[in-house]
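See below for the structure under consideration.
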Amino acid sequence: MLDAVRGGATLQGARDGALANLVERDRRLAYELAAGVLRRRGQLDRMLELATANPRLHDVLRLGAYQLRALARVPAYAAVSTSVELAREVAGEKAARYVNQALRKLARETGSGKRETSGATHPSWLVARWQHRFGATDVTRLLAWNDTKPTFTIQPARWSAEALTVELRKAGFGVEEAPYGAGLRVSSADHVSRFPFPAQLPGFAEGGFVVQDPAHALVCRYAAFPPGTMVYDACAAPGGKSVALERGGARLLAGDGRRERVGRLVETARRAGVAIQVAVADLLAAPFRSEALAAVLVDAPCSATGTMARHPDARWRVTQGTIARAAARQRALLAAAAALVRPGGWLVYATCSLEPEENSDIVTEFLARHPQFARVPAPDAVPAALLTPSGDFQSLPQRHGMDGAYAARLGRVR
């Protein structure tokens, strides 16, 4: 998985490809190791002095060090020995001796009472950027949130919240209401890394729920499309927002220009039992005639800086250039969507980014160029604590205990 991420894949994509043939226990441990190394890479690299190590051994050393410092249930001898064997396989006997010496030294320094890592876990430029915007206290909380294994939240689909709660508790899981009543937060008595994959939970096979963070469920509430409205979800995969909107009474046409993701969108809709029409459609290619639609949701691809707890690889993937390129594409997507909305219709723009260049700046610039649109937030759709002074939706992990997300509800007023 780490090789695939280094080659440009997302951790989620690498996981789906690498773990399919493992038994569940091994899948859980492998994912925990990969995600943990990505969360703590900055700390691990400093303690290991990787500048002097063979580049082929970098991930081997990080995996061993993460187990020594952060996984109390893995004995030190096991962390060292498995890393040594992996080094031998990757680069030969000399490499194995190097890894053995480095990790045994780290194990001695760690001791039985010093399991956890400390120090910077995010790129310094990103931390400085957030400090300028949020202040030191908020950034400390944000970094801590990102470095913590994410909570697991589900949204009812074929089953009610009550039925899900009953069945999950009967199976030994803890269940509580998610923040702002946006779903059910599920926990296990075991360590979080032993939490089963969603497919092993009661109700999954029956379509009882979909996995979705409260922030993204709240974006759908904020959209507040009137029941019966035909909504085009233009960047719909993997489909959680389409399911939520259909359950809220809208009629859904879900499209995505990324053909490789449409299969997952179809599967989500099928399992959840919702009547969603699905199409491979590129918003930038004008898939409908001008002014044909009553409502469009643009959940735009973004830098994903609001979901770094859930996607620990994102912190090492994002750059200043990433944000600028995402913003350029977002401007194009929003303008293309606007052309499809008829007078009196709605246009909702959303991201999972914390960056103003991808959020409010995009909307402000759009409104300046498209005077036929205006902000039209729906009264009382979401709690006031989640609204900006302009009436846009904004969730922040360090303040609201969920993913970071943004949305603006625009209306075509003439």
Side-chain angles (χ1 to χ4, degrees), residues 1-123 147-149 190-197 311-313 315-317:
M1 282 188 288
L2 293 173
D3 282 344
V5 169
R6 190 168 53 253
T10 64
L11 178 59
Q12 182 177 355
R15 177 197 66 189
D16 293 344
L19 304 185
N21 296 323
L22 298 181
V23 298
E24 184 183 346
R25 181 184 63 184
D26 292 342
R27 290 170 65 192
R28 289 198 303 264
L29 179 58
Y31 183 76
E32 157 65 7
L33 291 174
V37 164
L38 289 167
R39 285 192 189 97
R40 306 300 181 114
R41 196 180 80 180
Q43 298 169 332
L44 297 172
D45 287 4
R46 282 187 296 277
M47 73 175 68
L48 288 166
E49 301 177 353
L50 290 186
T52 61
N54 183 333
R56 291 185 295 169
L57 299 179
H58 286 186
D59 283 339
V60 175
L61 288 163
R62 288 167 181 150
L63 286 165
Y66 178 72
Q67 291 176 83
L68 289 171
R69 285 296 181 98
L71 288 188
R73 71 179 185 276
V74 177
Y77 72 85
V80 173
S81 63
T82 55
S83 300
V84 168
E85 288 304 315
L86 185 56
R88 183 176 288 114
E89 179 180 331
V90 168
E93 193 60 39
K94 183 177 179 180
R97 290 196 297 271
Y98 178 88
V99 168
N100 183 57
Q101 181 181 23
L103 292 183
R104 287 188 181 280
K105 177 183 176 183
L106 183 61
R108 289 193 298 271
E109 293 172 352
T110 298
S112 60
K114 187 183 175 186
R115 301 291 302 190
E116 196 53 73
T117 54
S118 61
T121 58
H122 291 63
D147 290 341
T148 302
K149 293 163 190 170
D190 291 329
H191 191 275
V192 70
S193 67
R194 298 179 183 175
F195 196 88
F197 283 81
H311 304 291
D313 53 315
R315 71 191 71 185
W316 306 113
R317 191 186 308 279

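Side-chain atoms are counted along with the backbone in the values below, which use heavy atoms only and exclude waters and symmetry mates.
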- Are more than 12 heavy atoms from other residues, nucleotides or ligands located less than 6.0 Å from atom CZ of Arg317? yes

When rounded to the nearest 0.5 angstrom, what is the spacing between [atom1] in [X] and [atom2] in [Y]?
X      : Y      : atom1 : atom2 : answer
Glu85  : Asn100 : CD    : CG    : 10.0 Å
Leu106 : Gln67  : CG    : CD    : 11.5 Å
Leu48  : Lys105 : CG    : NZ    : 10.0 Å
His122 : Arg41  : NE2   : CZ    : 12.0 Å

Do NZ/NE/NH1/NH2 and the carboxylate oxygens of Asp45 and Arg62 come within less than 4.0 Å? yes

Could you pull out the closest heavy-atom pair between [X] and [Y], with the gap in Å?
X      : Y     : value
Leu103 : Ser83 : CD1-CB, 3.4 Å
Ala79  : Gly64 : CB-O, 4.2 Å
Ala34  : Met1  : CB-CE, 3.6 Å
Ala87  : Val99 : CB-CG2, 3.5 Å
His58  : Ala53 : NE2-O, 3.4 Å
Val90  : Arg56 : O-NH1, 3.5 Å

Do [X] and [Y] come within less than 4.5 Å of each other through their side chains, counting heavy atoms only?
X      : Y      : answer
Arg108 : Arg104 : yes
Leu44  : Leu61  : no
Leu63  : Leu2   : yes
Asp147 : Arg315 : yes
Tyr98  : Leu57  : yes

Please determine whether side chain to side chain contact (heavy atoms under 4.5 Å, CB included) holds for the pair Asn54 and Lys94, giving the CA-CA distance in whole Å, both sets of side-chain angles, and the decisive distance to 0.1 Å.
CA-CA 11 Å; Asn54 183 333; Lys94 183 177 179 180; over 6 Å; no

Check: Strictly by modelled atom types, are Tyr66 and Glu32 linked by a side-chain donor-acceptor pair under 3.5 Å?
Finding: yes

